[in-house]
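Working notes, beginning with the structure itself.
Atoms within a ligand are numbered from 1 in the order they appear, just like the ligands themselves.
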Amino acid sequence: MAAAEFGWPPSPPEAREPALRSYLAAEALCDAGDLPAAIKLFKAAYSLAWELEAEAWPEWAGAMLAALRAGAPLPPLASPPPLLAAPRPPPPPQWWRAAAAPASLAATLASRQFVVLDGFAPPPPSPPPLAAARAAWHAGAFSAARLAAAGGEAHRNRSDAIAWRPAGLEPLAAAADALVRRLRAACPRLLAPIARRQRPMLSRYARAAVGFARHVDNHCLAGRGERCNGRVLTAVYYMCEGEWDAEAYGGCLRVYRPQQPTEGAEEGGGAAEEAAGDAVADIAPVDGRLVLFFSDFRCPHEVLPVKKEGVERWAVTLWYWNSEPIPEWWVDGVHDCTLVPLEGEDPSCDECVGAPEQPS
Ligand SMILES: O=C(O)CCC(=O)C(=O)O
Ligand SMILES: [Fe+2]
């Protein structure tokens, strides 16, 4: 299993005991000669705690296994941090252009699979992206979102309306490109494959029972898998007028732990039931916030429903692609397929360690 290679975060504390109990039961079945049943339980153990499949177990696993074998009490679990972080004051404008910022952001991306960057709004005289979004809405540029995997049908797992390549978002896309080029230079180990970008997709969610159910943007792990689509990194930029009251409005981007690649799960849901309880963060769609995450199984995510009538959740999504040919099944009229090359020199940068954090 390549989990350690990708720097996956430790499995959640509450999953460890069930994982090891499953592991012990699998061992017992092995001893009893029931190999098929044992394999099933080993697999269940690995899906709960990926570390158990690694060659070298972490300390907690050995200690917990010994305690379970001996019937000794297990240490109490620490309570997990809240999913929704407290709002933070806006950072200085354009702070992310500072020399040290890419290394810091890339380090977070490498260790957490996602990174949140505030204060990303393009500076004047660029028109505010929210004005462009509203203009596209009034011009009738939107239609109900459809899913590639559902044969292009509108889907019960997704309630947003989208518009591809609306006018007025060029400065935002150019700023994101500049940032991604610098991140690529800061962390070539993970980001060197990025070569192109999809045109901006604008989305609008209003109050509904569902936002966009748990999914990954690329059914792939490190370029391997039948449903690979070439997306490496997803960038989502949020816009709203005034504060976003996440408790009252909902609409957060919920990010989950990396998951094992699954064959059945397609864009727009599937894995949620298997892996419930592994959310790591609820990211509020605060105005000017940019979230970057790996498009593949390293970062399953979901848009939580907007709960309040009259509230609009606006986002621009940019997908950064590798240079592989676009798969045939992808060219289905659901997505805009005109990729733009990510041109320009990457300024040289240190590998992704040791830079200051985003100011807060
Ligand atoms: O709007 C967001 O926060 C994420 C949207 C998303 O996951 C997608 O369009 O694939
Ligand atoms: Fe997504």
Side-chain angles (χ1 to χ4, degrees), residues 83-84 113-118 120 129-130 133 137 142-150 152 154-155 157-166 169 172-173 176 197-208 210-220 227-240 244 246 249-256 258-259 265-272 279-307 311-321 330 334-336:
L83 287 180
L84 183 64
Q113 330 301 328
F114 69 93
V115 63
V116 179
L117 195 164
D118 286 335
F120 196 73
L130 184 54
W137 178 260
F142 280 73
S143 52
R146 296 175 296 153
L147 294 180
H155 204 281
N157 282 342
R158 180 170 183 181
S159 67
D160 55 329
I162 61 167
W164 286 102
R165 39 194 315 188
L169 295 178
L172 177 70
R197 167 174 59 69
Q198 236 176 312
R199 310 268 183 176
M201 185 193 85
L202 183 56
S203 67
R204 177 188 179 274
Y205 291 82
R207 185 182 171 194
V210 65
F212 189 163
R214 176 180 171 142
H215 65 282
V216 292
D217 292 351
N218 185 358
H219 287 258
C220 197
R227 301 289 284 181
C228 276
N229 63 27
R231 287 169 170 174
V232 178
L233 191 71
T234 304
V236 191
Y237 176 81
Y238 300 106
M239 306 165 284
C240 68
W244 184 273
Y249 300 175
C252 287
L253 173 70
R254 174 163 288 179
V255 174
Y256 294 90
Q259 72 177 64
E266 285 296 352
E267 206 179 347
V280 286
D282 282 353
I283 301 165
V286 167
D287 189 54
R289 175 168 280 178
L290 184 77
V291 180
L292 300 164
F293 53 87
F294 290 112
S295 306
D296 65 11
F297 283 106
R298 280 171 283 178
C299 198
H301 55 278
E302 168 180 8
V303 179
L304 298 178
V306 170
K307 299 192 282 193
V311 165
E312 294 174 310
R313 179 193 190 273
W314 297 98
V316 178
T317 306
L318 301 165
W319 282 284
Y320 289 90
W321 281 61
W330 181 266
V334 170
H335 291 93
D336 186 296

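Only one option out of D217, T234, N229, N218 pairs with S295 in a side-chain hydrogen bond (donor to acceptor under 3.5 Å, both in side chains); it is T234. For the pairing with L83, the side-chain contact (heavy atoms from CB on, under 4.5 Å) check across I283, D282, V255 returns one residue only, D282.
Taking every non-hydrogen atom of M201 and a distance limit under 4.0 Å, the qualifying atoms of ligand 1 come out as 9 (O). Applying the 4.0 Å criterion to heavy atoms of D217 picks out, from ligand 1, the atoms 10 (O). Applying the 4.0 Å criterion to heavy atoms of V303 picks out, from ligand 1, the atoms 1 (O), 2 (C), 3 (O), 4 (C), 5 (C). The ligand atoms of ligand 1 that sit less than 4.0 angstrom from a heavy atom of Y238 are 2 (C), 3 (O).
With sequence neighbours excluded, the residues that form a ring-ring contact (aromatic ring centres under 6.0 Å, His included) with W321 are W330. The salt bridge (charged side-chain N to carboxylate O under 4.0 Å, His left out) test applied to R289 returns D118, not counting sequence neighbours. Under the ring-ring contact (aromatic ring centres under 6.0 Å, His included) criterion, F293 pairs with H301, sequence neighbours left out.
Residue T317 places no N or O, backbone or side chain, under 3.5 Å from any N or O of ligand 1. Checking only distances, S203 never comes within under 3.5 Å of ligand 1, N or O to N or O.
Listed here is the closest heavy atom pair of P300 and P258: CD-CA, 4.1 Å. Of all the heavy atoms in Y256 and R214, the pair that sits closest is CD2-NH1, 3.0 Å. Between L172 and Y237, the shortest heavy-atom contact is CD2-CD2, 3.6 Å. Residues L233 and F294 approach most closely at CD1-N, 4.2 Å, considering heavy atoms.
Under the 4.0 Å criterion applied to side-chain N and carboxylate O atoms, E302 and R254 are not assigned as salt-bridge partners.
Note on the Fe ion (ligand 2): protein N, O or S atoms under 2.8 Å away count 3, no waters included.
Under 4.0 Å from ligand 1, the heavy atoms of W319 that appear belong solely to its side chain.
Using a non-hydrogen distance threshold of 4.0 Å, H215 registers as a contact of ligand 1.
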